Amino acid sequence: MEDTQMPDHNKKILIIDGHSILNRAFYGLPDLTNYEGLHTNAVLGFLNIIFKIIDEEQPTNMCVAFDVKQPTFRHLMYKEYKGTRKPMPDELREQVPLIKEVLTAMNITIIEKGGYEADDIIGTLSRIADKDGYKVVIVSGDRDLLQLATDNILVRIPKTKAGGTTVENYYAADVQKLYGVTPVQFIDMKGLMGDTSDNIPGVPGIGEKTAGKIIQEWKSIDNALEHIDEIKPPKAQKNLREFADQAKMSRELATIKLDCVLDFNLDDTDLFDMFNDKSYNIMKRLEFKSMLKRFDAKPDAQELKPEITVINENSALDTVRDTVIAAGKAGMYVISDSDILYGIAITCDARTVYVINSMSGVSSDAMSDIVRDIKTSGTSICIGDIKSCLNDMDFSECDTNVLDVGIAAYLLNPLENSYNYDDISKEYLEVMLPSEKELTGKEELNAFTFISDNFLELFAYKALVPLLAMDTLIEKLKGTGMYDLYMNVELPTVYTLHDMEKRGVRVDRTALEEYSHKLESRIKELHDSIIEYAGKDFNINSPKQLGPVLFEDMALPGGKKTKTGYSTSADVLEKIKNVHPIINDILEYRQLSKLNSTYAIGLGSFISSDGRIHGTFNQTITATGRISSTDPNLQNIPMRMELGRLIRKAFIPQDGFVFVDADYSQVELRVLAHLSDDSVMKNAFQNNIDIHSTTASEVFGVPIDEVTPLQRRHAKAVNFGIVYGISAFGLSEDLGISRKEASDFIEKYYDTYKSIKTYLDGQVKFAKENGYVKTMFGRIRPIPELKSSNFMQRSFGERVAMNSPIQGSAADIIKIAMLHVNIKLKELGLKSRLILQIHDELLIETAKDEVDTVRKILVDEMMHAADMTVPLEVGVASGNNWYEAK
DNA sequence: CAAATCACG
DNA sequence: ACGTACGTGATTTGC
């Protein structure tokens with residue numbers, strides 16, 4: 001091999017026109033926002049474009065030029081320069097610093113200099129690089145830059161077309177081919193034709209066509225002026241003569257400078273280490289999932305990757321147990337899928353992870369024994385997700401040394417999407433680890449794959465990360481005042497939820513099927529009727545097809561609403577249901593389709609071989625501390641409409657049992673009364689007076705026994721509104737009244753409940769100062785939206801600040817009640833078990849001889865779950881199915 | 001994979 | 001002047 005250094009001929013620089021590409025990206029992509037409400041579409045589009053070009057060009061160097069908000073020589077020459085340009089929309093403006101942040105993190109040079117436009121910087125730089133032997137590629141959305149093309153300098157113009165991005169490429173010859181002029185003559189052409197977007201005047205009456213012809217023939221404006229008498233057509237000749245100075249000035253305005261004084265070195269634009277922690281974190285924050293794929297090389301993973309010792313014999317277990325107990329703290333992961341237990345990964349220091357293989361010489365008894373020994377030794381066992389391993393491990397709410405990392409991280413920031421080992425590692429260990437998907441891809445866990453390197457590495461992280469992160473998490477929980485909440489509420493709740501999942505709820509498959517058949521025959525009738533009214537066949541389930549049918553073909557009123565088309569949502573249709581009978585049919589059709597697909601058919605598919613549905617309760621999903629329910633969602637079984645409510649007849653207790661159902665009455669308003677210490681509202685609850693009637697009486701100034709049903713309905717809506725963080729608009733929409741009336745209601749409401757107003761204002765103020773709000777039990781909800789520059793986002797943040805302490809405290813209360821009830825049932829050795837929690841309601845499958853005891857436990861524990869200045873009222877009912885028990 | 005719709009609290 | 005109620009999850013369309 002020759003010992004000569006590579007000459008610079010092999011260097012290639014990519015010069016990006018920052019604002020122009022950002023602008024293209026902004027208008028090319030639909031609006032996107034991340035969880036903070038930050039608009040991100042332009043940044044994402046920008047990155048997509050430049051990565052596409054980087055992939056194609058493989059440049060060695062790169063930089064991005066931006067304009068600076070400062071007049072340039074062009075403004076001095078011609079004060080109307082760029083005068084007609086519209087200001088950037090706010091959604092785009094806020095993305096300018098964002099893209100700069102991303103580029104900086106990726107070590108990509110940003111060039112901006114007062115007095116120069118990006119074009120001039122690009123022009124100058126392209127010439128310097130060219131002279132230094134670089135290949136040069138300029139990327140811009142702006143055709144003005146075509147004047148910079150030469151045989152060595154390529155100008156690329158990306159276009160966003162129907163999904164994909166295509167790029168037009170121009171060397172000097174391509175410019176010539178397209179416009180019939182050289183890149184330099186292109187400037188003269190622009191001098192003649194002007195440019196509306198930059199407000200360059202040019203010569204009146206001369207457009208692209210004429211300008212092209214003149215320059216093709218005469219090569220330049222100066223030369224054309226010398227032969228002014230020969231210019232054709234006559235109109236152009238006359239105008240050019242008259243506006244000769246303006247043409248010359250326009251040419252100068254349009255000329256990109258090639259001799260700016262730039263105080264930087266080409267070597268500064270070397271591309272290196274674009275994919276690092278910092279850029280990864282920003283991309284993650286912006287929620288650019290597709291970008292994260294580019295961060296495959298994770299240098300840090302090596303640092304944390306421990307030795308993995310696979311244990312295949314019982315005899316080796318003693319050492320493992322002794323080592324772990326001596327350390328006093330362990331990280332553990334149970335390796336299993338729904339049916340099979342493969343083993344466990346366990347570690348007590350960052351150097352070694354033991355993977356105990358229960359598919360080999362290790363007996364499952366021996367494995368259970370060492371876990372039990374470790375547990376009873378008092379060793380802290382740190383686990384990523386305790387609930388997921390409870391089918392194989394007999395931990396209980398009494399084992400206070402078994403700790404859950406996911407739940408700790410959720411309490412510290414409930415807004416994250418997931419609390420997997422890689423999330424925890426990034427956030428609390430500041431180490432980037434490959435995700436589960438990256439490690440094992442599509443490979444499934446089975447007896448063979450489970451001891452493959454990739455799976456072993458995965459298990460190692462799943463055991464190790466909890467061990468390493470737990471101390472930090474506990475410290476932070478203490479620091480934020482949430483340690484008690486964690487230990488006394490969240491951790492025991494894990495076991496309660498697992499108990500409910502394991503028990504499941506019995507559902508009568510035949511009843512669901514019969515119900516479905518009834519629905520289907522009515523759905524068919526409605527379908528035919530709707531098609532007949534419409535006069536043509538179409539898919540009623542498609543709002544995109546339904547909209548035009550209703551508002552164009554049938555010309556019904558109330559059309560147009562969104563950018564994508566007509567809204568056909570129930571509240572829109574509700575308003576025009578008297579105009580045409582098709583509307584009622586559609587509403588009924590929708591209702592029945594929903595009941596059938598989501599409930600009758602949907603639920604049926606979840607019934608297990610034991611005749612019961614074992615859904616999943618999630619403890620780390622909601623922003624407020626509520627539980628959520630999935631696969632299926634058992635917290636949204638129909639209730640409000642009689643027809644839907646009938647589904648509840650299919651939810652039945654096992655033989656010899658009945659259902660006992662208990663729910664709180666207006667917990668959220670009671671919580672509000674307590675938190676705000678409002679004497680008027682507290683008084684109503686203390687004296688057990690109907691709260692909505694009280695509100696109506698106060699707000700409308702009538703005696704409580706003269707409140708009309710309408711007044712009560714309005715008052716009820718206002719009470720709800722208050723809990724949601726009221727707005728006059730929202731209330732007026734809900735009640736179908738004017739905004740003025742709605743805001744009058746609100747004003748009178750605050751007049752009545754003065755302390756509530758004070759309290760809510762106080763929450764918003766607290767949130768603005770601290771960035772979060774707290775529940776009665778110290779649970780935190782961060783509100784990043786309050787820092788947004790966007791009015792709408794900020795208003796949302798304010799509503800959240802008002803709502804979260806209320807919804808969250810209510811969630812805390814029922815969680816406490818729920819776990820007390822569950823523990824009591826077990827303590828008393830009852831056969832009855834908790835099976836569902838629906839936010840303010842608990843359902844217990846109750847042995848017939850335990851009904852009285854269970855009713856008492858429910859009422860007792862629910863009423864006394866929290867110490868408040870207003871009583872908590874609980875309603876109880878029982879029955880042979882869920883329909884009867886409500 | 002996102003948007004629209006609608007079920008619940 | 002802005003454009004909205006708070007918190008969830010499942011299904012269906014259609015790009």
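Just so you know, these numbers come straight off a predicted model, no measurement behind them. In what follows, chains carry the letters A, B, and so on, assigned in the order in which the sequence lines appear, proteins first and then strands, with residues in each chain numbered from 1.
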ask   = Which is true for A:Q545 with a 4.0 Å heavy-atom rule: it touches a base, it touches only sugar-phosphate, or it touches nothing?
value = sugar-phosphate
key: base_contact_polar (C:dT4 base, A:S727 side chain, donor-acceptor, <3.5 Å)   = yes
request  = Send over the distance from A:M641 CE to B:dG9 P, rounded to a whole Å.
outcome  = 13 Å
inquiry  = Can you measure A:Q619 atom CD to C:dT8 atom P for me and round it to whole angstrom units?
reply    = 15 Å
query = Is the distance from OP1 or OP2 of C:dC2 to the nearest side-chain N or O of A:Q793 less than 4.0 Å?
reply = no
message = With a 4.0 Å cutoff (strictly under), does any side-chain N or O of A:N539 reach OP1 or OP2 of C:dT13?
response = yes
message = If you only use heavy atoms from C-beta on, which nucleotide in C:dG7, B:dA7, C:dA5 is closest to the side chain of A:N803?
response = C:dG7
request  = Figure out the CG/C1' separation between A:L587 and B:dA7, and round it to whole Å.
outcome  = 15 Å
Below 4.0 Å: OP1/OP2 of B:dG9 and any side-chain N or O of A:R640 = yes
ask   = Looking across every strand, which nucleic acid part, if any, lies under 4.0 Å from A:D631 by heavy atom: base, sugar-phosphate, or nothing?
value = sugar-phosphate
query = Has A:S542 got a side-chain N or O lying under 4.0 Å from the OP1 or OP2 atom of C:dG14?
reply = yes
message = If I compare all heavy atoms of A:P782 with all of A:L415, which pair ends up nearest, and what's the gap?
response = O-CD1, 3.6 Å
ask   = When rounded to the nearest 0.5 angstrom, what distance separates CG in A:L595 from CD1 in A:I601?
value = 11.0 Å
message = Mind checking if A:K544 touches a base, just sugar-phosphate, or nothing, with heavy atoms under 4.0 Å?
response = sugar-phosphate
task = Examine the side chains of A:N618 and A:S629 and answer whether a donor and an acceptor come within less than 3.5 Å of each other.
result = no
task = Using a heavy-atom cut-off of under 4.0 Å over every strand shown, decide if A:G721 touches base, sugar-phosphate, or nothing.
result = base
C:dG3 versus B:dC8 - spacing of their C1' atoms, nearest Å = 26 Å
ask   = Could you give the CZ-to-P distance, from A:F617 to C:dG9, as a whole number of Å?
value = 13 Å
message = Can you say whether a donor on the side chain of A:R781 sits under 3.5 Å from an acceptor on the base of C:dG7, or the other way round?
response = no
Please list, pair by pair, any protein nitrogen or oxygen found under 3.5 Å from a nitrogen or oxygen in nucleotides 2-4 of chain B.
from	atom 1	to	atom 2	distance (Å)
B:dA4	OP1	A:T564	OG1	2.7

request  = List the steps, then state whether side chain to side chain donor-acceptor pair (under 3.5 Å) holds for A:E520 with A:Y515.
outcome  = CA-CA 9 Å; A:E520 273 162 16; A:Y515 182 73; over 6 Å; no
task = Please work out if A:A728 contacts a base, only the sugar-phosphate, or nothing of the nucleic acid, heavy-atom cut-off 4.0 Å.
result = nothing
request  = Could you tell me the separation between the CG atom of A:L550 and the CD1 atom of A:I583, rounded to the nearest 0.5 Å?
outcome  = 5.0 Å
key: Any donor-acceptor N or O pair under 3.5 Å, side chains A:Y749, A:N719   = yes
message = Considering every strand and a 4.0 Å limit on heavy-atom distances, what is the contact class for A:A570: base, sugar-phosphate, or nothing?
response = sugar-phosphate
task = Under 4.0 Å between any heavy atoms, over every strand shown, what does A:L595 touch: base, sugar-phosphate, or nothing? Just pick one.
result = nothing
request  = Rounded to whole angstrom, note down the P distance from B:dA7 over to C:dC2.
outcome  = 32 Å
task = Could you tell me whether A:A742 contacts a base, only the sugar-phosphate backbone, or nothing, with contacts defined as non-hydrogen atoms closer than 4.0 Å?
result = nothing
query = Should A:R626 be listed as having a side-chain N or O under 4.0 Å from OP1 or OP2 of B:dG9?
reply = no
query = Quick one: A:L603 CG to B:dA7 P, roughly how many Å, whole number?
reply = 14 Å
query = Taking atom types as they are modelled, is there a donor-acceptor pair under 3.5 Å from the base of C:dT4 to the side chain of A:R799?
reply = yes
ask   = Any Lys/Arg nitrogen of A:D751 or A:K757 sitting under 4.0 Å from an Asp/Glu carboxylate oxygen of the other?
value = no
Qualifying residue for side-chain contact (heavy atoms from CB on, under 4.5 Å) with A:W882, from A:R648, A:M639, A:R645 = A:R648
ask   = Which whole-number value in Å describes the distance from A:I746 CD1 to C:dT4 P?
value = 17 Å
query = Which of residues 772-780 of chain A sit near DNA chain B, with a heavy atom under 4.0 Å from it?
reply = none
key: Reported CG-to-OG distance for the pair A:L760 and A:S755, which is rounded to 0.5 angstrom   = 10.5 Å
ask   = Does the side chain of A:V764 reach to within under 4.5 Å of the side chain of A:K768, using non-hydrogen atoms?
value = yes
task = Considering just the side-chain nitrogens and oxygens of A:S628, establish if one lies under 4.0 Å of OP1 or OP2 belonging to C:dG9.
result = yes
Touch class at under 4.0 angstrom, heavy-atom based, for A:F796 against every strand present = sugar-phosphate
ask   = Checking all strands, does A:L731 fall into the base, sugar-phosphate, or nothing category for heavy-atom contacts under 4.0 angstrom?
value = base
query = C:dT13 phosphate, OP1 or OP2: any side-chain N/O from A:N541 under 4.0 angstrom?
reply = yes
task = Could you give the distance separating C:dT4 and B:dA3 at their P atoms, to the nearest angstrom?
result = 14 Å
query = What parts of residues 512-523 of chain A reach DNA chain C, counting only heavy atoms under 4.0 Å away?
reply = none
